[in-house]
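Just so it is clear, the values below take in all heavy atoms, side chains as well, and ignore hydrogens, waters and symmetry mates. Bear in mind the structure is a predicted one, so any value in this text is a computation, not a measurement.
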Amino acid sequence: MNVLVLLDHGDGRLRPTALELLTLARDLPDARVHAVWVGADPAEEVRAQVGAHGGHALHHVLVDGADDRLTASVVDALEAVRAEVDAPLLLVASTFEGKEVAARLAVRTGAGVVTGAGGLERDADGRSVATKTVLAGTWTTRCAVTGPFGVVALAPNSVQAAPLAQPAPAEVVEHRVEASAAARAVTVHSREPRPTSDRPALAEAEVVVVGGRGVEGDFTAVEELADVLGGAVGATRVATDEGWIGHEAQVGQTGVTISPRLYVGAGVSGAVHHRGGMAASVTVVAVNSDPDAPIFEFADYGVVGDLNEVLPALSEQIRRRRG
């Protein structure tokens, strides 16, 4: 079975989610993995990574007539590769960009789409079956794609990326695609890069430290712990509405959906709308001075105390243990 994997990349480098998707795809029964790179030539490092993580072929696609970073251009590229390899399944990252690609491709092809998936398998009938949590993590569902083509958007950190013990180089296949009318309708005049940061992207981070109302406007302890752990900084809606931190840091149903291996909530009450954005977290640690805070009902570890005392002490202990 041929499986397409859309490689998410920036500045010429693969993002961690791309390696996770390749790892998942190669472990499906009888899978032949076709990785798709849209844009300028992938570097030798990228080609090596694709082969090392199970990619049989690396499809390099250039889109003529439109900016190759537009969603419509990416969909044009995926349609062209799918037509050539006849793949019944496409894997993308469950990010804002990935879900937009999935939606546009589904409109064009009639594909079945599952977003926010935490795992994927093939059942006895050969259908792609994805698992995902819903209703703020209270239910775990299994969603089967019943049509001939399915798109599954995998939540970051759902799979541990791992290279093969004996990898083989991926065959590089070149494509040139004419941009569709939808892609040509958009003219990109300029791009403004996001401010650079040493912290990982919030949606993709393996560790996220979130500050809530309890920080009372001071994210110093939250940021310090995040930096010690090599994680990202998030916030609840209250914190962003108060202007304590930018809205791009908001975690929740109306913000960013995260699925880290470690979530630390500092001064976070655990309201339903926030839980909906972090319910897929593997391990949840809560620090709150209110012993009746709802977050303690679903936290794996809870500390009742002042976050301005607990977080600095935790950061110091981590530094000390790391020597």
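- Atoms NE2 and CG, from H59 and L78 in turn, are 11.0 Å apart once rounded to the nearest 0.5 Å.
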For residues 179-190, tabulate all N or O donor-acceptor pairs below 3.5 Å that involve a side-chain atom, not counting sequence neighbours.
residue	atom	partner	partner atom	Å
S180	OG	D76	OD1	3.0
S180	OG	D76	OD2	3.0
S180	OG	R108	NH2	3.3
S180	OG	A183	N	3.4
R184	NE	A179	O	3.1
R184	NH2	E178	OE1	2.7

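- Between R82 and E79 no salt bridge is recorded (no basic side-chain N to carboxylate O distance below 4.0 Å).
- Rounded to the nearest 0.5 Å, atoms CD (E242) and CZ (R213) are 7.0 Å apart.
- Contact of the H274 side chain with the V210 side chain is registered, since non-hydrogen atoms from C-beta on lie closer than 4.5 Å.
- From N2, atom CG reaches atom CD of E84 across 10.5 Å, with rounding to the nearest 0.5 Å.
- Hydrophobic clustering of Ile, Leu, Val, Met, Phe, Trp and Tyr side chains at less than 4.5 Å, counting indirect connections, keeps V129 apart from L91.
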Donor-acceptor contacts, no H, no angles, side chain residues 5-22, under 3.5 Å, sequence neighbours left out:
residue	atom	partner	partner atom	Å
D8	OD1	R15	NH1	2.8
H9	NE2	V38	O	3.0
R15	NH1	H9	O	3.0
E20	OE1	N157	N	2.9

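- Each of D27, L120, L154 was scored for a side-chain contact (heavy atoms from CB on, under 4.5 Å) with V159, with one residue passing: L154.
- For residues 117-127, the set of pairs meeting the side chain to side chain donor-acceptor pair (under 3.5 Å) definition, not counting sequence neighbours, comprises E121-R142, R122-S128, D123-R127.
- The hydrophobic side chain of L62 is isolated, with no ILVMFWY side chain under 4.5 Å apart from it.
- Among the candidates V92, V81, V33, the single residue satisfying the side-chain contact (heavy atoms from CB on, under 4.5 Å) test with L4 is V81.
- For the atom pair NE2 of H56 and CZ of R32, the computed distance is 5.0 Å after rounding to the nearest 0.5 Å.
- The hydrophobic cluster around L314 extends to V207, V209, V215, F219, V222, L225, V228, L229, V233, W244, I245, L262, V264, V285, V287, Y301, V303, L307, V310, L311, I318, counting ILVMFWY residues whose side-chain heavy atoms fall within less than 4.5 Å of a member.
- Identified under the salt bridge (Lys or Arg N to Asp or Glu O under 4.0 Å) test for residues 62-73, with sequence neighbours left out: D64-R176, D67-R69, D67-R191.
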